[in-house]
Amino acid sequence: TFGVECHKTFWQLVQHKIMSHYDTAALFPGARDLLNRLRQAGVPIALVTSSERPVIEKAFHHLNLHGVFQAVVTADDVENLKPSAEPVLAALSKIGKMPQEALFIGDYIVDVKAGKAAGTDTALFFADSHRRFHKEELLKESQPDFMFDSYQNLRERLTHLLAISI
């Protein structure tokens, strides 16, 4: 049967498979530069993920991301994962921000739904490389406040939204 134990075993296998790929993972072009610029400008940044903390710790180590985020909320920190608002609200609480002060950025429908459920503005990253996994029309149906296809585009949008130079 497909009981809880089967679900847990399946999820552990998925997390293990994800973790095995972080040795070759790379950030999208412009992502590290934008993160650094936001930090230098004093913009608090949090990460919300449905991955478990050991997976994220491995990714942070490989990608040299320790200290980049002021808060990290993983599957281990909440009862309900995205599309629930719970992990987004937990991250906002950790950085001392209200939902109306935040932009929740993700790359899939559950991210947009979680941000909207929490009351934030939302942005959806949809790079050309995502086209083989996701249909753009389906992603647009989640109604993000805006979509972007590169971190340079996001940087330009944030410069306008935040009214600061980043």
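Every heavy atom of this structure was used, including side-chain atoms; hydrogens, water molecules and symmetry mates were not. Here the structure is a predicted model, which means the values were calculated and not measured.
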Colleague: Can you tell me how far CG of Leu161 sits from CZ of Arg157, rounded to the nearest 0.5 angstrom?
Modeller: 6.0 Å

Colleague: Show the nearest heavy-atom pair for residues Ala91 and Val48, with the distance to one decimal.
Modeller: CB-CG2, 3.6 Å

Colleague: Group every Ile, Leu, Val, Met, Phe, Trp and Tyr by side-chain heavy-atom contacts under 4.5 Å, then state whether Leu103 and Leu139 land in the same group.
Modeller: no

Colleague: How far apart are the closest heavy atoms of Thr159 and Ser165, and which atoms are they?
Modeller: CG2-CA, 4.4 Å

Colleague: Over all heavy atoms of both residues, which pair between Gly67 and Arg39 is shortest? Give the atoms and the distance, please.
Modeller: O-CZ, 3.3 Å

Colleague: Could you walk me through whether Ile109 and Glu141 pass side chain to side chain contact (heavy atoms under 4.5 Å, CB included), step by step?
Modeller: CA-CA 9 Å; Ile109 295 166; Glu141 287 177 12; over 6 Å; no

Colleague: How long is the straight-line distance from NZ of Lys58 back to CD of Glu52, given to the nearest 0.5 Å?
Modeller: 14.0 Å

Colleague: Given 3.5 Å as the limit, does a donor-acceptor pair link the side chain of Gln70 with the main chain of Ile45, or not?
Modeller: yes

Colleague: Linking I/L/V/M/F/W/Y whenever their side-chain heavy atoms sit closer than 4.5 Å, directly or via other members, would Val112 and Val110 fall into one cluster?
Modeller: yes

Colleague: So with a 6.0 Å cut-off around CD of Gln152, is the heavy-atom count from everything else above 12?
Modeller: yes

Colleague: Do Lys116 and Asp121 meet the salt-bridge criterion of a basic N to acidic O distance under 4.0 Å?
Modeller: no

Colleague: How long is the span from the CG atom in Asp111 to the CG atom in Leu124, to the nearest 0.5 Å?
Modeller: 7.5 Å

Colleague: Are Ile105 and Met147 in one and the same hydrophobic cluster, where Ile, Leu, Val, Met, Phe, Trp and Tyr link if side-chain heavy atoms are under 4.5 Å apart?
Modeller: no

Colleague: Work out which heavy atom in Ala114 is nearest to a heavy atom in Ser84; give both atom names and the distance.
Modeller: CB-O, 3.5 Å

Colleague: Checking Glu101 side chain against Met98 main chain: does a donor-acceptor pair fall under 3.5 Å?
Modeller: yes

Colleague: Any chance the rings of Phe133 and Tyr108 have centres within less than 6.0 Å?
Modeller: no

Colleague: Could you tell me whether a side-chain N or O of His62 sits under 3.5 Å from a main-chain N or O of Ala25, the two making a donor and an acceptor?
Modeller: yes

Colleague: What is the distance from atom CG of Leu92 to atom OG1 of Thr120, rounded to the nearest 0.5 Å?
Modeller: 7.0 Å

Colleague: Is any side-chain heavy atom of Ser51 closer than 4.5 Å to one of Thr74?
Modeller: no

Colleague: Is the backbone N or O of Glu79 less than 3.5 Å from a side-chain atom of Glu86, with the two atoms forming a donor-acceptor pair by type?
Modeller: yes

Colleague: So, do Val73 and Thr49 sit near enough that their side-chain heavy atoms are less than 4.5 Å apart?
Modeller: no

Colleague: Of all heavy-atom pairs between Ala75 and Ser50, which one has the smallest distance, and what is that distance?
Modeller: CB-O, 3.2 Å

Colleague: Taking the six-membered ring for Trp, are the ring centroids of Phe126 and Phe148 within less than 6.0 Å of each other?
Modeller: no

Colleague: Using modelled atom types only, decide if a donor and an acceptor are shared between the side chain of Arg53 and the backbone of Val72 within a distance under 3.5 Å.
Modeller: yes

Colleague: Give a yes or no on this: more than 12 heavy atoms of other residues, nucleotides or ligands lie within 6.0 Å of atom NE2 of His66.
Modeller: yes

Colleague: Please tell me whether Leu27 and Leu154 are part of a single hydrophobic cluster in this structure, the criterion being side-chain heavy atoms less than 4.5 Å apart.
Modeller: yes

Colleague: Strictly distance-based, threshold 3.5 Å: is any side-chain N or O of Arg32 a donor or acceptor partner for the main-chain N or O of Asn64?
Modeller: yes

Colleague: For Pro87 and Leu81, which heavy atoms make the closest approach, and how far apart are they?
Modeller: CG-C, 4.2 Å

Colleague: Roughly how far, to the nearest 0.5 Å, is CZ of Phe104 from NZ of Lys82?
Modeller: 5.0 Å

Colleague: Are Leu35 and Tyr151 co-members of a hydrophobic cluster defined by side-chain heavy atoms under 4.5 Å apart?
Modeller: yes

Colleague: Atom OG of Ser129 and atom NE2 of His134: how far apart are they, to the nearest 0.5 Å?
Modeller: 9.5 Å

Colleague: Heavy atoms, side chains only, cut-off 4.5 Å: are Asp149 and Asp128 in contact?
Modeller: no

